[in-house]
Amino acid sequence: MSKVRSGGLVLFLGVLLVSPGEASADDEEVDVKLGGAIRLNYGWKDYDNDSDGQFDFELFAVDVDIIKGKWFVDSQFRFYQDFNAVHHAEVGYQFDDSNRLAVGVSQVPFGISPYASHGFWFGGTYYLGFEDDYDSGVKWTHTSGDWTFDTAYFFNSEYDNSARYGRYSFDIASTEDRDNKEDGQANVRVQYQLGDHVIGGSLQAGKIRNQTTNDTGNHTAAAVHFDGRFDSWNLQLQHIYYDFDTAPGLQNTDHRIAMSAFDFPFEIATEANVTSFNLAKSFDVGNEFVDKVVCYNDFTYTSTSNKPGLTDSIQNVTGCTLIKEGLYTYIDWIAGKNMWFAGGPGIGVYDGPEKWHSRLNINIGYYF
């Protein structure tokens with residue numbers, strides 16, 4: 001989790017193999033940007049026995065970004081307490097100001113860019129795999145005036161092993177009861193810049209494959225979104241519909257499918273409508289301790305059908321981010337009803353009495 005991409009120490013490696021008058025394309029200056037992040041985290045849960053909460057090391061991240069002419073490398077690797085994982089790692093070519101091609105572990109172009117939320121905890125769409133998701137494939141970005149077009153094909157998730165739960169992005173998981181994996185996915189997103197606002201639509205279609213039965217099925221998703229800026233206010237509206245095929249060969253006739261990230265598998269409903277309503281306001285402070293404060297409320301409602309074993313899920317995050325140059329402090333109060341990572345069994349699934357749970361999360365990170 002986190003929305004800040006680090007990077008600050010710039011090394012210029014200009015190697016001249018011939019005299020200045022005989023310079024060739026191979027003598028272009030290489031811009032290497034090294035960065036990273038160190039983060040500490042405090043968490044308190046109303047559904048935990050630890051009355052004092054827990055304060056601990058959360059993350060060390062390393063960024064390496066390289067530009068040589070029109071070629072670029074954009075990568076980040078993360079070291080968490082319990083696992084290590086790639087965040088993104090792509091190699092690409094910038095044809096011109098309007099066309100960019102990237103190959104590798106790239107952010108999936110779906111929904112509000114780059115995030116459908118404001119806080120450290122993200123929105124409920126993140127835990128469903130529809131926000132800040134990274135998969136392995138090829139992505140083309142084309143801009144034309146106020147229009148931006150993203151087209152991508154992903155061969156699989158960032159790790160093709162769906163039984164590897166130690167990952168940053170939320171992807172289909174293989175469990176003892178549901179041995180599925182992602183098996184190819186196409187994405188198209190169109191966005192239009194209307195003054196300070198962005199209006200967009202996204203489509204996603206792909207395959208899932210059961211590794212026990214070798215049966216395959218389809219999954220689809222569609223989204224429309226609005227990301228508006230009104231002076232110091234930011235309003236985000238988004239609606240997503242998604243659907244995974246259900247079949248005996250996919251081990252999901254109970255209308256559930258397994259997902260995983262951050263070392264844990266869980267289950268979500270195979271079909272749902274997901275609505276996000278996020279509002280944020282920025283305050284310029286400019287004193288010795290804080291440059292800027294952003295306060296927000298991010299609300300996500302996941303609505304399922306009335307099928308047995310399913311129910312709706314809600315996540316609401318209220319918080320503020322305190323920013324001082326590279327120092328970011330996120331203070332979030334997360335409330336959830338039947339919501340994963342907020343005391344619930346999963347997302348859209350029913351495993352007993354539905355209760356509201358909440359947690360306080362404070363993340364202090366320095367990005368360099």
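- Counting only N and O atoms by type, the side chains of D312 and Y301 include a donor and acceptor under 3.5 Å apart.
- A salt bridge links D254 to R178: one of the charged nitrogens lies within less than 4.0 Å of a carboxylate oxygen.
- Remark: the N187 side chain and the Q204 side chain contain an N/O donor-acceptor pair separated by less than 3.5 Å.
- None of L40, L322, T321 except one satisfies the side-chain contact (heavy atoms from CB on, under 4.5 Å) rule with T329; the exception is L322.
- Residues F170 and W340 keep their aromatic ring centres 6.0 Å or farther apart.
- Using a 4.5 Å cut-off between side-chain heavy atoms of Ile, Leu, Val, Met, Phe, Trp and Tyr, with links allowed through other members, V91 and V32 fall into the same hydrophobic cluster.
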Original post:
Can you list the steps and then say if R100 with E90 is a salt bridge (charged side-chain N to carboxylate O under 4.0 Å, His left out)?
Top reply: CA-CA 12 Å; R100 181 180 188 269; E90 58 184 20; 3.2 Å; yes

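- Geometric assessment of K68 against the ring of F72 yields a negative cation-pi assignment under the 6.0 Å and 45° thresholds.
- With 3.5 Å as the limit, one finds a donor-acceptor pair spanning the side chains of S162 and Q211.
- H219 and Y242 have their aromatic ring centers separated by at least 6.0 angstrom.
- Counting only N and O atoms by type, the side chains of D133 and Q107 include no donor and acceptor under 3.5 Å apart.
- Ion pairing between a basic and an acidic side chain is recognised when a charged N comes within 4.0 Å of a carboxylate O; E182 and R209 show no such pairing.
- A donor and an acceptor atom, one from each side chain of D179 and S174, are located under 3.5 Å apart.
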**OP:** Tell me, with the steps shown, if K33 and D63 meet salt bridge (charged side-chain N to carboxylate O under 4.0 Å, His left out).
**Re:** CA-CA 8 Å; K33 182 182 291 186; D63 289 83; over 6 Å; no

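- No side-chain N or O of E158 forms a donor-acceptor pair with one of H88 less than 3.5 Å apart.
- If you run side-chain contact (heavy atoms from CB on, under 4.5 Å) between V105 and each of Y134, F154, Y168, only Y134 comes through.
- With hydrogens and angles left out, the side-chain atoms of T318 and N297 include a donor and acceptor closer than 3.5 Å.
- D215 and N210 share no side-chain donor-acceptor pair at under 3.5 Å.
- Ring geometry, W147 versus F149: the interplanar angle falls under 30°, so the pair is classed parallel (tilted spans 30 to 60°).
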Original post:
Going through the distances and angles, do R189 and D150 end up as a salt bridge (charged side-chain N to carboxylate O under 4.0 Å, His left out)?
Top reply: CA-CA 5 Å; R189 179 174 62 191; D150 293 294; 3.1 Å; yes

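- Residues F262 and Y127 keep their aromatic ring centres 6.0 Å or farther apart.
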Subject >> Verdict with supporting geometry, K207 and D183, salt bridge (charged side-chain N to carboxylate O under 4.0 Å, His left out) >> reply: CA-CA 5 Å; K207 293 284 187 181; D183 196 25; over 6 Å; no

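- At a threshold of 4.5 Å between side-chain heavy atoms, the hydrophobic network of Ile, Leu, Val, Met, Phe, Trp and Tyr places V317 and I314 in two separate groups.
- With hydrogens and angles left out, the side-chain atoms of D177 and Q251 include no donor and acceptor closer than 3.5 Å.
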